[in-house]
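Residue numbers begin at 1 in each chain, while the letters A, B, ... track the order of the sequences. On a predicted model such as this, the values are computed, not experimentally measured, just so you know.
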Amino acid sequence: MTIMDAALIAQALADFLGLPVDQIQARLERPPRQDWGDVSYPCFELAKRWRRSPQDIAAELAATLPSGTWTASAAGGYLNFAWHREKVLPGELRRALQKGVALPQTGTGKTVVLEFGSPNVAKPISMGNLFPTIIGHALSRMYQALGWKVIGINHLGDWGSQFGKVLAAYHRWGQEEEVRGDPVNALYRLYVHFHAEAPRDPGLGREAQAWLQRLEGGDLEAHRLWRWFVEASTDAFLSTYARLGVTFDHVWGESFYKDRIPDVVQQLRSDRLLETSQGAQVVRVGDDIPPCIIVKSDGTSIYAARDVAAAIYRYERFGFDQMIYVVGAEQTLHFTQVFRTLKRMGYPWADNCHHVGFGLIRLEGRKMSSRRGDVVLLEDVLDEAVRRVAAIIDGKRPRLKDKARIAEVVGVGAVVFHGLKNQRMRDLEFNWAEVLSFEGETGPYVQYTQARIHSLMEKAQFQPQQFFQIPEPWGPEHPVTTLEWELWSALSGYENTVVQATVKNEPFLVARRLLDISQSFNGLYNNQRILSDDINTRIKLLALSDHTGQVLKHGLNLLGIEAPDTM
RNA sequence: GCGCCCGUAGCUCAGUGGAUAGAGCGCCUGACUACGAAUCAGGAGGCCUGAGGUUCAAAUCCUCACGGGCGCACCA
């Protein structure tokens, strides 16, 4: 608990009123305007109970409540508390400089399996892959920051009927040299061509099905091609992941679990959970939703069965406390079916499996369709962002060292931040102008703020020791300014934001907090001189700036974005 | 038809049941011979889709409409 923790106020109020602390604390809130105070207690509930006006109660409490490191005042039916800024801030800042960002290690000893990324083999990484990749990556870092052991798994789409299509298309039209030269694009063209031809050529569908059956049956030729395609695609994916700083503990595609499916089917059968319905083998998982299909009527496997097998394997291997699937919201029903199937199989840990969904990225109002080849490639977006950043650097900082690397970091950062700044369930209309914006609520804005602070630190050669030696940085002669206090308020909420963001699996909360902090800092920076001639002022503002820079860097890192010291 | 998600400024979005609903972009006015102008200060811009309900108090919770998106058994 810090000096500024509202729990102190809740306790004092609870003692005075003779009410449970929890009840008081649940009511505490932030006043809408900072000059009204830092913590607020609405007295309307008491008013009802005591049959007195809330105004009276607030006024009386303000007058009679024993004071602490705060001042209480009444405003209408609200009892407002304002911290004694000059007394509180020095200690808080000292602690912050000593400890840096200190997150509660609530995950210590616990393991979370995080499935994310999961691109399909034989298709290039498009903007459609942005969310599953960067949301998963951010969550991975956030859980780690809270002490969890994170197992990141990239669940490649490398099996199933789409693969039958790729094999059929390659067999019909494919050229070996072409695929050798540029595997992903060549395979993708075949896939798109397949879907273009399929409507007027019913034979194609049958060929795809036959290839899938050959593949699942262990046919050597099918298997050889499959392995080649998977390996070539994986290489391409890895280079994009490298740009994004994304890594995985395991790249286990769907095919990884295929040999475990027969055991799953066997177990379901002996548990009498499997039924034959319309030629398929299914598990009933409730009257409100359709059954979970485990084996298709043609005998080939289906993704639900692979997901069930995968979950069991992962539990046996990792004994996870939580498993999170970062997969599009359109698959909500599928995961409900899978989790209920696991539950019916008697696995209590099925309750610890969670689907973290996200909205669609749409293109000119429609869903991007990989079947039609109607996609925007992620690499193209990254390249364009980097190119534009490089042009800006040439214009305003021509002598910047390491220009190419900085342009890469800032350009990629803009794209990643753009994808993480809103609630994940919201659909995103892809818009070049917005992705390529570097001003306002953007990644480069936060990066810029951090770089600006770094530059201050360099110039001033600031060391935290200097701050510790000032006896009274703020006092009656030098009150804490509104801008300083606003910045501190934004900073002091950071740890809690990270905790909340992790609990809700919502990285955007971290992104928003970083914007708040950056805005507060820039407001201060433009209105108060930090490198003041007055040594006290200079050092305390440097101390505040130093911590701001640390938090921004920490937060960007959680989001998977690099924070360059110059840009 | 059923289920899930979304509906807040011209646009993109924030907004733990509480006070006068906030940002960014765009538009208008200003600030670089003080620390990095990818910045900042100010202005204009709102029936929080609509109607009921719960509550001392609703953008927020509950119903019902309307509008948009996504699902609804052998694709993933």
| Side chain A/S455 and base B/G36 donor-acceptor under 3.5 Å | yes
| task | Give me the ring orientation class for A/Y325 and A/F335: parallel if the planes are under 30° apart, tilted from 30 to 60°, perpendicular past 60°. | result | tilted
| field | Cationic N near anionic O, under 4.0 Å, A/E408 to A/R405 | value | no
| remark: Atom CG of A/N527 and atom P of B/C40 are separated, to the nearest Å, by 10 Å
| Between the base of B/A19 and the side chain of A/S40, is there a donor-acceptor distance below 3.5 Å? | yes
| Nucleotide of B/G36, B/C75, B/U39 approaching A/R371 most closely (side-chain heavy atoms) | B/C75
| query | Should we count CG of A/D288 as having more than 12 external heavy atoms under 6.0 Å? | reply | yes
| B/G15 versus B/G22 - spacing of their P atoms, nearest Å | 15 Å
| task | Classify the nucleic acid contact of A/G157 as base, sugar-phosphate or nothing, counting any heavy atom under 4.0 Å across all strands shown. | result | nothing
| query | So what does A/D307 hit on the nucleic acid, given a heavy-atom distance under 4.0 Å: a base, only sugar-phosphate, or nothing? | reply | nothing
| request: May I ask you to verify if any side-chain N or O of A/K367 is less than 4.0 angstrom from the OP1 or OP2 atom of B/G71? | output: yes
| message | Taking only the P atom of each, what is the distance from B/C72 to B/A14 in whole angstrom? | response | 27 Å
| said: Using a heavy-atom cut-off of 4.0 Å across all strands, would you classify A/E439 as base, sugar-phosphate, or nothing? | reply: sugar-phosphate
| query | Is there a Watson-Crick or G-U wobble partner for B/G7 with both distances under 3.5 Å, and which nucleotide is it? | reply | B/C66
| query | Quick one: is A/Q423 getting a side-chain N or O under 4.0 Å of the B/A14 phosphate, OP1 or OP2? | reply | yes
| task | Indicate yes or no: does A/D427 engage A/K367 in a salt bridge with an N to O separation below 4.0 Å. | result | no
| said: Looking only at the side chain of A/V282 (C-beta and beyond, no hydrogens), which of the listed nucleotides B/A19, B/A23, B/A73 gets closest? | reply: B/A73
| message | Need one value for A/F508: base, sugar-phosphate or nothing, where a base atom within 4.0 Å counts as base even if backbone is also close, heavy atoms only. | response | sugar-phosphate
| field | Selected nucleotide, minimal atom distance to A/R397 side chain, candidates B/G36, B/A76, B/A38 | value | B/G36
| field | Interatomic distance where CD1 belongs to A/I392 and C1' belongs to B/A37 [whole Å] | value | 13 Å
| request: Check the distance between B/C13's C1' and A/H418's NE2 and give it to me in whole angstrom. | output: 11 Å
| request: Kindly say if A/R426 contacts the phosphate of B/A14, meaning a side-chain N or O under 4.0 Å from OP1 or OP2. | output: yes
| Toward the 5' end of RNA chain B, by each residue's nearest nucleotide, A/Q519 or A/G523 | A/Q519
| Separation between the P atoms of B/G46 and B/G50, rounded to whole Å | 15 Å
| According to the 5.5 Å centroid and 30° plane-angle thresholds, does A/Y448 stack upon the nucleobase of B/U39? | no
| task | Please determine if a side-chain N or O atom of A/K459 lies less than 4.0 Å away from the OP1 or OP2 oxygen of B/G36. | result | yes
| query | Per the atom types in the model, does the base of B/A76 pair as donor or acceptor with the side chain of A/S161 at under 3.5 Å? | reply | no
| note | Taken to the nearest whole Å, OH/A/Y41 to P/B/U16 is 21 Å
| field | Partner nucleotide, any strand, of B/A38 [Watson-Crick/G-U, under 3.5 Å] | value | none
| field | Touch class at under 4.0 angstrom, heavy-atom based, for A/Q500 against every strand present | value | nothing
| field | Span that lies between the C1' atom of B/A59 and that of B/C47, in whole angstrom | value | 12 Å
| said: Could you check whether the side chain of A/R452 and the base of B/U39 have a donor-acceptor pair of N or O atoms closer than 3.5 Å, going by distance alone? | reply: no
| message | At 4.0 Å (heavy atoms only), tell me whether A/I289 reaches a base, stays on the sugar-phosphate, or touches nothing. | response | nothing
| What interatomic distance, in whole Å, is found between P of B/C13 and the corresponding atom of B/U54? | 35 Å
| task | Report the residue (A/S437 or A/W36) whose heavy-atom-nearest nucleotide on RNA chain B is the more 5′ of the two. | result | A/W36
| task | Give a yes/no answer on whether the side chain of A/R362 brings an N or O atom under 4.0 Å of OP1 or OP2 in B/G68. | result | no
| NA contact type, A/I393, heavy-atom cut-off 4.0 Å: base, sugar-phosphate, or nothing? | base
| query | So which heavy atom on A/P507 is nearest to which on A/N505, and how close? | reply | CD-O, 3.5 Å
| A/Y525 ring centre to A/R452 NZ or CZ under 6.0 Å, with the angle to the axis within 45°? | yes
| task | Establish, with yes or no, whether the OP1 or OP2 oxygen of B/A76 is under 4.0 angstrom from a side-chain nitrogen or oxygen of A/R306. | result | yes
| said: Categorize A/A329 for me: base, sugar-phosphate, or nothing, with a 4.0 angstrom heavy-atom threshold over every strand shown. | reply: nothing
| query | When rounded to the nearest Å, what value does the distance between C1' atoms of B/A31 and B/G36 take? | reply | 15 Å
| request: Provide, to the nearest angstrom, the distance between the CZ atom belonging to A/F358 and the P atom belonging to B/C6. | output: 16 Å
| task | Return the nucleotide paired to B/A14: Watson-Crick means purine N1 to pyrimidine N3 with N6-O4 or O6-N4, wobble means G-U with N1-O2 and O6-N3, both under 3.5 Å. | result | none
| task | Identify which nucleotide among B/A23, B/A38, B/A19 has an atom closest to any side-chain atom of A/P32, counting heavy atoms from C-beta outward. | result | B/A19
| message | Among B/A73, B/C40, B/G69, which nucleotide has an atom closest to any side-chain atom of A/D427? | response | B/G69
| task | Give one of base, sugar-phosphate or nothing for A/I302, where a contact means two heavy atoms less than 4.0 Å apart. | result | sugar-phosphate
| message | Going by purine N1 to pyrimidine N3 plus the second Watson-Crick contact, or the G-U wobble pair, all under 3.5 Å, which nucleotide sits opposite B/G71? | response | B/C2
| To the nearest angstrom, how far is A/N80 atom CG from B/A19 atom C1'? | 9 Å
| said: So A/Q528, base contact, sugar-phosphate only, or nothing? Heavy-atom distance under 4.0 Å. | reply: base
| said: Only pairs with both distances under 3.5 Å count, Watson-Crick or wobble alike; so what is the partner of B/U33 in this structure? | reply: none
| query | Under 30°, 30 to 60°, or over 60°: which ring-plane class applies to A/H334 and A/Y303, parallel, tilted or perpendicular? | reply | parallel
| If you look at every strand shown and take non-hydrogen atoms under 4.0 Å, does A/R529 touch a base, only sugar-phosphate, or nothing? | base
| task | Indicate, with a heavy-atom threshold strictly under 4.0 Å, whether A/V410 touches base, sugar-phosphate, or nothing. | result | base
| field | Residue A/E330, side-chain heavy atoms: nucleotide from B/G71, B/G69, B/A38 that is nearest | value | B/G71
| task | Would you mind classifying the nucleic acid contact of A/T300 as base, sugar-phosphate or nothing, using non-hydrogen atoms under 4.0 angstrom? | result | nothing
| task | Figure out the CG/C1' separation between A/L333 and B/C2, and round it to whole Å. | result | 12 Å
| field | Sugar-phosphate only, base, or nothing, as touched by A/A433 at under 4.0 Å among non-hydrogen atoms | value | nothing
| query | Parallel, tilted or perpendicular: which fits the ring planes of A/Y257 and A/H155, with parallel below 30° and perpendicular above 60°? | reply | tilted
| said: Distance check needed: B/G24 P versus A/L428 CG, whole Å only. | reply: 20 Å
| message | If the threshold is 4.0 Å, N to carboxylate O, is there a salt bridge linking A/E484 and A/K540? | response | no
| Side-chain ion pair, A/K258 and A/E216, N-O less than 4.0 Å | no
| remark: For B/A19, the nucleotide meeting Watson-Crick or G-U wobble distances (both under 3.5 Å) is none
| note | Against the side chain of A/N422, the closest entry in B/C13, B/A73, B/U39 is B/C13
